[in-house]
Engineer: 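One structure is given below, represented as structure tokens, and several questions about it will come after.
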Amino acid sequence: MRRPPQVSTLLIGATTFLLVQTSVVHSPFSFPSNWLQLGSPALAIPRYVPIQGRLPRRTQGTGARGCMSDVTTTAQSSPTLTLLFGTDVEPTTLMHPVFFWHLSSASSMPVEFALIEPGQAEPLFVKRFETMSAGITSLAIPESTPALVPGRVYRWSVALICNSARRSSDIIAQAQIERLERPSALAHQLASATSNLERAEIYAQNGFWSDSMAVLKQAQNAQPNNPVIVQDQLSLIEQINLGEIAQQERQRLGLAATNTNSTSN
């Protein structure tokens with residue numbers, strides 16, 4: 001049976017999450033009254049260590065402002081789009097990776113994700129959202145899609161569709177991802193882990209930033225009221241030189257800042 005993609009949006013700026021877990025959409029909910037008091041600056045934060053030889057993410061070409069030049073839109077309806085990944089060509093061990101991006105404000109314009117295989121004219125996978133909430137969105141590629149081939153560099157993009165009748169006006173941010181065979185040492189560490197939080201730490205220490213975020217998303221789906229998981233996600237984002245996004249999200253949620261320092265330059 002084919003399963004639709006797992007889509008989960010962390011609604012930064014509101015007190016609800018929209019979660020899709022094992023293809024089931026959960027209605028938004030309110031956090032318990034003491035949720036904001038649960039955060040602690042003394043968190044076991046995953047420490048991201050990039051794989052040697054991998055270039056850190058570039059600030060240009062990975063973020064874009066919305067349709068400011070389109071006469072049909074206004075500044076209020078034009079969020080800033082930023083793709084989230086650790087290195088210039090992001091490594092993953094997953095056959096069907098999870099992708100993350102951030103919108104500075106809600107988008108009333110359609111948003112389109114595309115995963116493109118090298119040498120192919122048609123995208124490997126496309127998903128369109130008619131609207132999107134502000135904050136961090138994650139998209140898991142469904143298992144019905146062909147698995148990523150190890151050693152092959154794929155391109156992925158997120159587009160704000162300013163005018164559906166004139167797609168040349170799209171605002172697009174794009175990045176690259178490469179699947180690597182899972183090293184035996186990493187596989188052994190993961191097999192010994194007893195929780196998703198521990199697995200997230202292992203992935204981060206071995207240079208697989210996106211995989212660490214993906215495991216934290218699994219943990220969040222299982223424990224949606226746990227602010228420690230959100231802090232870990234934001235700390236990982238801070239460690240890839242996107243501290244302004246992490247700080248913005250902490251302020252909106254009322255979470256305490258952590259002592260995480262960026263590990264890439």
Engineer: What residues, two or more places apart in sequence or in another chain, satisfy salt bridge (Lys or Arg N to Asp or Glu O under 4.0 Å) together with Glu198?
Structural biologist: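 In terms of salt bridge (Lys or Arg N to Asp or Glu O under 4.0 Å), with neighbours along the sequence ignored, Glu198 is linked to no residue.
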Engineer: Do Asp170 and Leu160 have side-chain heavy atoms sitting under 4.5 Å apart?
Structural biologist: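 Answer no - side chains too far apart.
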Engineer: Do Val126 and Leu115 have side chains that get closer than 4.5 Å, going by heavy atoms?
Structural biologist: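 Not in contact.
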Engineer: Check the pair Ile240, Thr87 against side-chain contact (heavy atoms from CB on, under 4.5 Å), reporting the backbone distance first and the verdict last.
Structural biologist: CA-CA 8 Å; Ile240 58 169; Thr87 58; over 6 Å; no
Engineer: Would Thr137 and Leu103 satisfy side-chain contact (heavy atoms from CB on, under 4.5 Å), going step by step from the backbone distance to the final call?
Structural biologist: CA-CA 8 Å; Thr137 294; Leu103 285 181; 5.9 Å; no
Engineer: Specify the closest pair of heavy atoms between Leu234 and Ala246, including all atoms of both residues, with the distance to one decimal.
Structural biologist: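 Closest heavy-atom pair between Leu234 and Ala246: O-CB, 3.4 Å.
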Engineer: Going hydrophobic residue to hydrophobic residue with side-chain gaps under 4.5 angstrom, can you get from Ile177 over to Leu83?
Structural biologist: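 Yes, it is one cluster - the side chains of Ile177 and Leu83 are joined through contacts under 4.5 Å.
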Engineer: What closest approach, in Å, do Phe100 and Ser138 show between heavy atoms, and which atom pair accounts for it?
Structural biologist: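 That closest heavy-atom pairing would be CE2-CB, 3.3 Å.
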Engineer: Which value, rounded to the nearest 0.5 Å, describes the distance between Leu236 atom CG and Arg47 atom CZ?
Structural biologist: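 The CZ atom of Arg47 is 10.0 Å from CG of Leu236, to the nearest 0.5 Å.
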Engineer: Out of curiosity, Met132 CE to Ser107 OG, how far, rounded to the nearest 0.5 Å?
Structural biologist: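 If I round to the nearest 0.5 Å, the distance is 7.5 Å.
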Engineer: Roughly how far apart are Ile136 CD1 and Ile237 CD1, rounded to 0.5 Å?
Structural biologist: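 One finds 3.5 Å between CD1 of Ile136 and CD1 of Ile237.
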Engineer: What residues form a salt bridge (Lys or Arg N to Asp or Glu O under 4.0 Å) with Arg152, not counting sequence neighbours?
Structural biologist: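 Partners of Arg152 under the salt bridge (Lys or Arg N to Asp or Glu O under 4.0 Å) test: Glu117.
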Engineer: Measuring only between side-chain heavy atoms, which start at C-beta, is Pro142 closer than 4.5 Å to Phe125?
Structural biologist: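 Sidechains of Phe125 and Pro142: in contact.
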Engineer: Is there a donor in the side chain of Glu244 and an acceptor in the side chain of Gln248, or the other way round, less than 3.5 Å apart?
Structural biologist: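 There is no such pair (donor and acceptor under 3.5 Å, judged by atom type) between the side chains of Glu244 and Gln248.
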Engineer: Should Ser184 and His188 count as side-chain neighbours, where that means a heavy-atom distance under 4.5 Å?
Structural biologist: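 Counting from C-beta outward, Ser184 and His188 never come under 4.5 Å.
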Engineer: Ignoring hydrogens, what is the shortest heavy-atom contact between Ala175 and Phe85? Give both atom names and the distance.
Structural biologist: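 Looking at all heavy atoms of both residues, the closest pair is CB-CE2, 3.4 Å.
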Engineer: Let me check something: do Ile171 and Leu139 share a hydrophobic cluster, defined by ILVMFWY side-chain heavy atoms less than 4.5 Å apart, either directly or through other members?
Structural biologist: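 Yes: a chain of side-chain contacts under 4.5 Å links Ile171 to Leu139.
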Engineer: List the residues meeting side-chain hydrogen bond (donor to acceptor under 3.5 Å, both in side chains) with Thr92, not counting sequence neighbours, and say none if there are none.
Structural biologist: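 Testing Thr92 for side-chain hydrogen bond (donor to acceptor under 3.5 Å, both in side chains), a comparison that skips the adjacent residues, returns Asp211.
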Engineer: Please report the shortest heavy-atom distance between Val158 and Leu81, naming the atom on each side.
Structural biologist: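 Shortest heavy-atom contact: O-CD2, 3.3 Å.
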Engineer: Does some side-chain heavy atom of Ile45 sit less than 4.5 Å from a side-chain heavy atom of Gln239?
Structural biologist: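 Side chain of Gln239 against side chain of Ile45, heavy atoms only: contact under 4.5 Å found.
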Engineer: Nearest 0.5 Å, please: how far is CE in Met213 from CG in Leu84?
Structural biologist: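 Reported value, rounded in 0.5 Å steps: 6.0 Å.
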Engineer: Which ILVMFWY residues are connected to Ile116, directly or by a chain of links, through side-chain heavy atoms under 4.5 Å apart?
Structural biologist: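 None, because no other hydrophobic side chain comes under 4.5 Å of this residue.
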Engineer: I need the full list of salt bridge (Lys or Arg N to Asp or Glu O under 4.0 Å) pairs touching residues 104-114, with sequence neighbours left out, sorted by first then second residue.
Structural biologist: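 Matches after skipping sequence neighbours: Glu112-Arg167.
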Engineer: So do His102 and Thr80 actually touch side chain to side chain, heavy atoms under 4.5 Å?
Structural biologist: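 They are not in contact (no side-chain heavy atoms under 4.5 Å apart), so the answer is no.
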Engineer: Of all heavy-atom pairs between Pro46 and Ala204, which one has the smallest distance, and what is that distance?
Structural biologist: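 Pro46 and Ala204 have their closest heavy atoms at CB-CB, 4.1 Å.
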Engineer: Keeping Glu90 on the side-chain end and Gly86 on the backbone end, is there a donor-acceptor pair under 3.5 Å?
Structural biologist: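 Judged by distance alone, yes, a pair lies under 3.5 Å.
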Engineer: To the nearest 0.5 Å, tell me how far His96 NE2 sits from Arg179 CZ.
Structural biologist: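 Answer rounded to 0.5 Å: 9.0 Å.
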Engineer: Can you name the closest pair of heavy atoms from Pro91 and Ile51 and give their distance?
Structural biologist: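 So the two residues come closest at CG-CD1, 3.8 Å.
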Engineer: If a pair satisfies ring pair (Phe, Tyr, Trp, His ring centres under 6.0 Å) and one of its residues is in residues 142-184, list it, with sequence neighbours excluded.
Structural biologist: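 Every ring pair (Phe, Tyr, Trp, His ring centres under 6.0 Å) pair that includes a residue of residues 142-184, provided the two are not neighbours, is Phe99-Trp156.
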Engineer: At what distance, to the nearest 0.5 angstrom, does CG of Asn221 lie from CG of Asn196?
Structural biologist: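 The CG atom of Asn196 is 9.5 Å from CG of Asn221, to the nearest 0.5 Å.
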Engineer: May I ask whether Val98 and Leu242 are part of the same hydrophobic cluster, defined by side-chain heavy atoms of I, L, V, M, F, W, Y residues being less than 4.5 angstrom apart, directly or through others?
Structural biologist: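 Val98 clusters together with Leu242.
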Engineer: Mind checking salt bridge (Lys or Arg N to Asp or Glu O under 4.0 Å) for Arg128 and listing every partner two or more places apart, or none if nothing turns up?
Structural biologist: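 Expected list: Glu130.
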Engineer: By salt bridge (Lys or Arg N to Asp or Glu O under 4.0 Å), which residues pair with Glu181, not counting sequence neighbours?
Structural biologist: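 Counting only residues at least two positions away or on another chain, Glu181 forms no salt bridge (Lys or Arg N to Asp or Glu O under 4.0 Å).
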Engineer: For Arg155, check side-chain hydrogen bond (donor to acceptor under 3.5 Å, both in side chains) against everything at least two apart and list the hits.
Structural biologist: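 Result, side-chain hydrogen bond (donor to acceptor under 3.5 Å, both in side chains) vs Arg155: Gln174.
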Engineer: Out of curiosity, does Tyr48 fall in the hydrophobic cluster containing Val230 (side-chain heavy atoms, cut-off under 4.5 Å, transitive links)?
Structural biologist: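 Per the 4.5 Å side-chain linkage, Val230 and Tyr48 are co-clustered.
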Engineer: Under 4.5 Å between side-chain heavy atoms, counting indirect links through other Ile/Leu/Val/Met/Phe/Trp/Tyr residues: same cluster for Leu180 and Trp209 or not?
Structural biologist: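 Unlinked, Leu180 and Trp209 end up in two clusters.
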Engineer: If the condition is side chain to side chain contact (heavy atoms under 4.5 Å, CB included), which residues does Gln189 pass it with, not counting sequence neighbours?
Structural biologist: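 Gln189 satisfies side chain to side chain contact (heavy atoms under 4.5 Å, CB included) with Leu186, Ile202, Asn206 only.
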Engineer: Can you sort out the partners of Gln223 under side chain to side chain contact (heavy atoms under 4.5 Å, CB included), two or more places apart, ordered by chain and number?
Structural biologist: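 Testing Gln223 for side chain to side chain contact (heavy atoms under 4.5 Å, CB included), a comparison that skips the adjacent residues, returns Asn226, Ile229.
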Engineer: Relative to the ring of Phe208, is the ring of Tyr203 parallel (under 30°), tilted (30 to 60°) or perpendicular (over 60°)?
Structural biologist: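 Rings of Tyr203 and Phe208: perpendicular, as their planes differ by over 60°.
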Engineer: Listed by chain and number, what are the side chain to side chain contact (heavy atoms under 4.5 Å, CB included) partners of Val89, not counting sequence neighbours?
Structural biologist: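 So Val89 forms a side chain to side chain contact (heavy atoms under 4.5 Å, CB included) with Arg54, Val153, Gln176, Glu178.
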Engineer: Please determine, by modelled atom types, if Arg250 and Ser235 share a side-chain donor-acceptor pair under 3.5 angstrom.
Structural biologist: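 Yes - a donor-acceptor pair under 3.5 Å links their side chains.
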